[in-house]
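Sequence lines set the chain letters: A, B, ... in the order given, protein chains first and strands last, and positions in each chain run from 1. Please read all numbers here as calculations on a predicted model, not as lab measurements.
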Number of protein chains: 2
Amino acid sequence: MAPAMTTLKGEPLDKGALEGLLRRRMFFTPSFEIYGGVSGLYDYGPPGTALQSNILDVWRKHFVLEENMLEVDCTVLTPEIVFKTSGHVDRFADWMCTDPKSGEILRADHFVEDVLEARLKADKEARGQATKTEDKAVDAKRAKKAAALKQQAVKLEDAVVQEYEEVLAKIDNYDNVGLGELIEKYDLRCKSGERPTAPVAFNLMFQTSIGPSSNLPGYLRPETAQGQFLNFAKLLDFNQGAMPFASASIGKSYRNEISPRGGLLRVREFLMAEIEHFVDPESNKKHSRFHEVENIELELLPRDVQLAGKSTTIRKTVGDAVKEKIIDNETLGYFLARIHLFLIKIGVDPTKLRFRQHMANEMAHYASDCYDAELLTSSGWIECVGCADRSAYDLTVHTKATQTPLVVRQQLSEPKIVESWELEVNKKLFGPKFKKDAKAVEAAVLATSQEQREAFAKDMETAGKITLDVPVVGSVELGKELVTFEFKKITQHVREYTPNVIEPSFGIGRILSALCEHTYWVREGDEARGVLSFPPVVAPTSVLVAPLSNNKDFTPIVDRVSRKLRVAGISTRVDASSASIGKRYARNDELGTALGITVDFQTVTDGTITLRDRDTTRQVRAEEDKIVAAISEIVRGFKRWEDVEKELPSFTSQEQ
Amino acid sequence: MAPAMTTLKGEPLDKGALEGLLRRRMFFTPSFEIYGGVSGLYDYGPPGTALQSNILDVWRKHFVLEENMLEVDCTVLTPEIVFKTSGHVDRFADWMCTDPKSGEILRADHFVEDVLEARLKADKEARGQATKTEDKAVDAKRAKKAAALKQQAVKLEDAVVQEYEEVLAKIDNYDNVGLGELIEKYDLRCKSGERPTAPVAFNLMFQTSIGPSSNLPGYLRPETAQGQFLNFAKLLDFNQGAMPFASASIGKSYRNEISPRGGLLRVREFLMAEIEHFVDPESNKKHSRFHEVENIELELLPRDVQLAGKSTTIRKTVGDAVKEKIIDNETLGYFLARIHLFLIKIGVDPTKLRFRQHMANEMAHYASDCYDAELLTSSGWIECVGCADRSAYDLTVHTKATQTPLVVRQQLSEPKIVESWELEVNKKLFGPKFKKDAKAVEAAVLATSQEQREAFAKDMETAGKITLDVPVVGSVELGKELVTFEFKKITQHVREYTPNVIEPSFGIGRILSALCEHTYWVREGDEARGVLSFPPVVAPTSVLVAPLSNNKDFTPIVDRVSRKLRVAGISTRVDASSASIGKRYARNDELGTALGITVDFQTVTDGTITLRDRDTTRQVRAEEDKIVAAISEIVRGFKRWEDVEKELPSFTSQEQ
């Protein structure tokens, strides 16, 4: 059970107040609101867009530039065949059921969750149990659901309570049959009072048609990964054949959620930043820079801890975790550590970050192992970065489907002698004998395994013919004149292999949303005021420039200072409105603006300006150029406010 | 007729060679190529993605930060109702026809163009005319079309040649009827030998369905503008009510082109950067910073010059052009000048840039005036930035459709007395009298114009009743007891108005594609080698770091230098491959890498490194930190290579 959410200062988080702030200051806003809105679609306003853009900028520097990754930008529109091959057309689905009376469409697992939680809440009420502090968030959520379902206070058997809690703990593990059984067993009812229809699969990809003839069905990609896989051969070539290497991509992806909820946490259109790190499977997935991160400590929640029904994290260095096989290999460990460093850099609260390993049955169809970076939010622990080992899955299926080898050819330093069963097909006779089936028969022969070939060689020896099952065609007989088998020694100069892929995948919207909760706190004063303490490197605006009043002498100074800041590449907003300095600072604290400059009458006399720190509200005063230089150092992350305070004279004034 | 395309050095452009380079170096590549590709979809490889990202970075600094624009990020998925209102569902279409024999779908205007051009080429051949130099590009294009249509050399009447040329010059002006008439009149035939079907409208928006119930049809936006309009009220509020202001957005848009061609110039998924500048229509569209740009000279191709059948541009300062009404107003002029400065900054050749005014009949349905920034490319003059005056069109239609006022309320310094016909509706009687039609009747009454109300007041006076046409309901009679009209004096303290919108709209892919042509040239030497002379500020990679050989002493130096460069925010690639320094430089010239560092044996001895300029291949040699500082100045645009050459000692070496 997730702990109750707190602000940056450890006070209980008033989620309503924060959400009010984020909407009022236009961090984000429901899309098409004047048309009634569309659930699961949000627009980012100016501070949200700037925050997002700064997070991406840090991401690009931290990952792409630091590690010479090959960034690509592939299309969102994708022809069906690609997702047919990748398995998304068949398996990228949620279970959906319908209220037979109202026609309302429900996501089956959410529906089961809602009813059980409502009943548990109603039970608690009936028992008159006091709410325990650590359950406050859960209780509030359940109360809401109970109200929505108009659940009366009814006491349950103790055993039933326990069963419900167990079901809820593993709700992600049920498929359509399992969910259907739960609905029947517990007689779960929709708002209309009816039982919902049996759960059926609903594919989460948005479908469209490419071109005018509507015979090319396409989808909006649900992840950016496929474009990177399809370009593997070209990327390897661009990388001058060197392995390992990583590609990276920042772009929108789409999932047609059945009933989106949870604000920015579950949306239908979202920005992803994904890395595909290609590695030789025979390298033990070692990483050349692992030593740089091996002493970093992570909060880990491995699979076996979860299987034991616990949620207590283990604090371990990445080095130890890899040694103890809690993390499978160096490359996975390296990226978990780099993800940790990235999240801390942009302002995530390290006490609200953990790395949880996926259970075997909750992994995506392509993954062989997966750790999620989860951030604690008012909705509980939320997956914000996935770090999956996709093994050779994708490159293999695309190679098969297209007959284009997505492989690495490695020159061997010493030639290798390999023994294997080879075969030869007599093509001249195949055509006349099998006619239109000739190609299919030949393909089936060539597709035989080493074991099959060995057995066939024996059959040929003894019976003079073999019998082979050919797909579609059926069983065929082949004599010696058609095909021969031979055990050969072959000298290989080149080793050919399909790389494995480690994939760190970032949900930028979720990170952004969690970051707002992690950096939020309330400054007590005449009136309590919200503050968003983003690190300067990602703050939507770095500096507010505020003239004390609309005195005309201030204007050229304000223009000059803000021009200097802009030239230095520092994002700046001038607020020359008639509101008091205190009000303007309060507005900018809510916007998360890192620093504030005031131009006052003293500036006109002696050329000094004041600089205010958002988090402490303390100020220093110095000449314009010194202040601009100090700002530049803070914004680029080279100095902290404490450093600047030591160097420049402090200044005290009334804010209000 | 467009002049023949040349390289940066004025030599004829070998388009095939440049395209080969761009594909080989993975600037861009057809999407899903291993699955056979999908026309109109391209992926950007590492250098293309970096170039795009750097162009956007300059764009954001040049426009958004410089002018405090409110950047937003709105969804691509859009419910149908929004584009119904904006007019895109009804009018955003091209004309399409079909080859009745092969079923091939053709874009009607392109089909007419293709056949006429093929015939003109065939005529020329029959006449045995020598190709004039200035027509080379046109001739080559026509020859290709003639070959595709297997057009035999046939001589045409002189009058027919003239007619064809006239049709081609105004091909954009024909609608379905006009195109159908041309097909009939000139007996235009498809490849199959048949005449195509009559042209019909094909909407260019990609359609999809949002949510699981498929009753919410949606589209992928064809422009980013609508999201900005729908958020107008919130943006005005965010801007603390101050006018004028601009919003901005960078994002993907989609157009389901009938038959895309021309590489990156006409694609189905593309990146746009759009600005919506909201301005008071009663301000004469003055701009407060106009004085900063009024002396900038532009190459203009106004509407009347084109009407006279000419394509000679006029060179004029923006100030004069606005004075002479060649450019309608200061705000439009301001943005044209800012667009000019932006394009030059990223490396567009100023001699291949012009601003062409739209003809009245070629403007989008929402525009009241429009200038395009056109770049000369091997496909002729191409629209890369549109700068349209959308007047109050969008805000007005969305206000009407949603009943949400997208207006500015301006406090008047002096109250204004306005006389107008007001009316009062007796709601108590409306319900019982009109039952289910009551709302429609009331809406129709309230929607009456001042003129109608005046007439109705008279009718009421004389006949005691009025007759009103109510949409859907039909004609209804209303007596005095239901509605009364009165001519009133009203004191207004607030002026309410719908802003006009000036929209600079950038097609990033087209700009990028043209930029590659503008910066390309061939360095003569032992073998001719391509160079892309991007300005350092947008070059995909700023610096190549190349150790002379794989000597181990070089490694720590290479690591240290590249770390220093990364910390300074400079994009760096290390190439420690075994290729010769000359080969590595040649590869990087093709990639447009601005600068190159070599680490050699002297570096190990005295700590100096060499710095090479891509364009001149000249080198300087100095201590590491001096070189890093010089690079930083060049990349941020503060110094040119010539400045650095004056400050640091030159160095001469063999490249090969």
Toward chain A, the part of [X] with a non-hydrogen atom under 4.5 Å:
X: B/Gln207; result: backbone
X: B/Phe32; result: both
X: B/Thr98; result: neither
X: B/Asn256; result: side chain
X: B/Leu204; result: neither
X: B/Arg566; result: side chain
X: B/Ile34; result: both
X: B/Arg107; result: neither
X: B/Glu66; result: both
X: B/Tyr254; result: side chain
X: B/Ile250; result: neither
X: B/Leu56; result: neither
X: B/Ser209; result: backbone
X: B/Asp575; result: side chain

Ranking B/Asp73, B/Val64, B/Thr402 by heavy-atom pairs under 4.5 Å to chain A gives rank one to B/Asp73
I'd like to verify something: which residue of B/Gly45, B/Pro79, B/Ser571 has the highest number of heavy-atom pairs under 4.5 Å with chain A?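 Of the options given, most contacts go to B/Pro79.
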For [X] and [Y], indicate whether the former's side chain and the latter's backbone hold a donor-acceptor pair under 3.5 Å.
X: B/Glu257; Y: B/Gly40; answer: no
X: A/Asp237; Y: A/Ala233; answer: no
X: B/Asn588; Y: B/Arg584; answer: yes
X: B/Asn54; Y: B/Ala50; answer: yes
X: B/Ser31; Y: B/Asp43; answer: yes
X: A/Thr49; Y: B/Glu71; answer: yes

Is a salt bridge present between [X] and [Y], judged by a nitrogen-to-oxygen distance below 4.0 Å?
X: A/Arg255; Y: A/Asp94; result: no
X: B/Asp559; Y: B/Arg563; result: no
X: A/Glu33; Y: B/Lys234; result: yes

Contacting region of [X] [heavy-atom separation from chain B under 4.5 Å]:
X: A/Leu406; answer: side chain
X: A/Phe638; answer: side chain
X: A/Val567; answer: both
X: A/Phe202; answer: side chain
X: A/Ile570; answer: neither

Closest heavy-atom pair, A/Cys74 versus A/Asn231, reported as atoms and distance to 0.1 Å, is SG-ND2, 3.7 Å
If you tally heavy-atom pairs under 4.5 Å against chain B, which of [options] wins?
options: A/Gln240, A/Arg636, A/Lys61, A/Arg60; value: A/Gln240
options: A/Val76, A/Thr404, A/Leu65; value: A/Val76
options: A/Asp57, A/Val38, A/Leu70, A/Asn68; value: A/Asn68
options: A/Thr208, A/Val72, A/Leu41, A/Thr75; value: A/Thr75
options: A/Leu230, A/Leu77, A/Val267; value: A/Leu77

Just do the side chain to side chain contact (heavy atoms under 4.5 Å, CB included) check on A/Leu236 and A/Phe245 with the steps written out, would you? CA-CA 8 Å; A/Leu236 179 64; A/Phe245 75 92; 3.8 Å; yes
Relative to each other, are the rings of A/Tyr35 and B/His398 parallel, tilted or perpendicular (30° and 60° limits)?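 It falls in the perpendicular class, over 60°.
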Going through the distances and angles, do A/Ser39 and A/Arg268 end up as a side chain to side chain contact (heavy atoms under 4.5 Å, CB included)? CA-CA 8 Å; A/Ser39 61; A/Arg268 288 174 166 153; 3.7 Å; yes
State, yes or no, whether a side-chain contact exists between B/Phe232 and B/Val407 at a heavy-atom distance under 4.5 Å.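 B/Phe232 vs B/Val407: side chains apart.
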We want to know whether A/Gln228 and A/Ser247 form a side-chain donor-acceptor pair, criterion being a heavy-atom distance below 3.5 angstrom.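 Their side chains do contain a donor-acceptor pair, which is all the 3.5 Å distance test asks for.
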What pairs with B/Lys400 under salt bridge (Lys or Arg N to Asp or Glu O under 4.0 Å), at least two apart in sequence or on another chain?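 Here no residue qualifies.
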For A/Leu106 and A/Ser259, run side chain to side chain contact (heavy atoms under 4.5 Å, CB included): C-alpha distance rounded to whole Å, both residues' side-chain angles, the deciding distance at 0.1 Å, then the answer. CA-CA 7 Å; A/Leu106 307 159; A/Ser259 50; over 6 Å; no
For the CG atom of A/Leu216 and the CD1 atom of A/Ile81, what is their distance to the nearest 0.5 Å? 10.5 Å
About how many Å separate OG1 of A/Thr78 and CZ of A/Phe83, when rounded to the nearest 0.5 Å?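 Separation between the atoms: 4.0 Å.
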How about residues 22-30 of chain A versus chain B: which residues have heavy atoms under 4.5 Å apart? A/Arg25, A/Met26, A/Thr29, A/Pro30
